[in-house]
Amino acid sequence: MRKAVIVVLALPFLAMQCKNKNNCDRAICTEVLMSVSVNVTDKNGNNIDLQDHYTIKVANGDTIRNNNGPWPEGAYVVLDDSYVNKMYNSRLQFRFVGIKNNIVVVDEPYTISADCCHINKESGKETIVID
């Protein structure tokens with residue numbers, strides 16, 4: 001019983017470690033993979049199949065390709081937690097670019113923040129409608 005009480009009392013402290021903005025080396029993170037995604041549709045709501053897509057970090061032009069895992073048709077990853085180690089405890093500007101028929105048809109801004117563990121969308125569209 002006493003061990004259970006210690007574990008229960010320790011859980012809030014362990015969860016707070018993820019928010020430790022000063023030392024990410026000591027952060028205890030969940031295994032959940034967070035991502036920012038966007039749906040791309042036409043004006044009738046039909047999903048658009050992009051030929052290519054990528055995200056650009058505005059500050060330095062870094063190109064990020066997120067072709068991870070199965071996503072529903074018309075849904076694309078803007079950024080996921082695999083990038084958090086390049087932006088610990090910061091808020092950055094990104095642009096999601098989509099190409100169809102060798103033409104840029106999507107170029108949308110996103111503001112994404114990160115703590116020691118996960119990313120979070122601050123601003124940006126959830127659905128992009130193109131002609």
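Each residue takes its place number in the sequence, starting with 1. Only this structure's heavy atoms are used, side chains among them; waters, hydrogens and symmetry mates stay out.
- Partners of S123 by side-chain hydrogen bond (donor to acceptor under 3.5 Å, both in side chains), not counting sequence neighbours, listed by chain and number: T111.
- V84 and V58 are not part of a single hydrophobic cluster, where members link through side-chain heavy atoms under 4.5 Å apart.
- For S113, the side-chain hydrogen bond (donor to acceptor under 3.5 Å, both in side chains) partners two or more places apart in sequence, or in a different chain, are E122.
- With hydrogens and angles disregarded, no donor-acceptor distance shorter than 3.5 Å links the side chain of R95 to the backbone of I56.
- Residues V78 and I112 form a side-chain contact, since some pair of their non-hydrogen atoms from C-beta on lies under 4.5 Å apart.
- Atoms CG and OG1, on D80 and T55 in that order, are 9.5 Å from each other to the nearest 0.5 Å.
- A single hydrophobic cluster is not seen to contain both L50 and V104; linkage of ILVMFWY side chains at heavy-atom distances under 4.5 Å, directly or through other members, places them apart.
- There is no path of hydrophobic side-chain contacts, each under 4.5 Å, that joins V106 to I99.
- Side-chain contact between K121 and L79 is absent, with no heavy-atom pair separated by less than 4.5 Å.
- Using a 4.5 Å cut-off on side-chain heavy atoms (C-beta onward), K86 and I64 make no contact.
- Although no hydrogens or angles enter the test, the distance criterion places a donor-acceptor pair under 3.5 Å between the side chain of D42 and the main chain of N44.
- Between the side chain of D131 and the backbone N or O of K43 there is no donor-acceptor pair closer than 3.5 Å.
- Between N39 atom CG and E73 atom CD the span is 11.0 Å, to the nearest 0.5 Å.
- Here the CG atom belonging to N89 is positioned 14.0 Å from the CZ atom belonging to R91, to the nearest 0.5 angstrom.
- Between Y83 and F94, the ring planes are perpendicular. Angles over 60° get that label, and only those under 30° would be called parallel.
- Looking at every heavy atom in both residues, S35 comes nearest to I119 through CA-CD1, 4.1 Å.
- Side-chain heavy atoms closer than 4.5 Å link hydrophobic residues (I, L, V, M, F, W, Y) into clusters, and following such links, possibly through other members, connects F96 to M34.
- Going from atom CG of L92 over to atom CG of N60 covers 9.0 Å, rounded to the nearest 0.5 Å.
- Rounded to the nearest 0.5 angstrom, N46 CG and T41 OG1 are separated by 8.0 Å.
- Criterion: ILVMFWY side-chain heavy atoms under 4.5 Å apart, direct or through other members. Under it, Y110 and V77 are not part of a common hydrophobic cluster.
- Across all their heavy atoms, N47 and G74 have their closest contact at CB-CA, 3.8 Å.
- In this structure, K100 and I48 have side chains that are in contact, with non-hydrogen atoms separated by less than 4.5 Å.
- The SG atoms of C117 and C29 lie less than 2.5 Å from each other.
- Atom CG of D115 is separated from atom CG of N120 by 8.5 Å, given to the nearest 0.5 angstrom.
- The two residues H118 and V32 make their nearest non-hydrogen contact at CE1-O, 3.0 Å.
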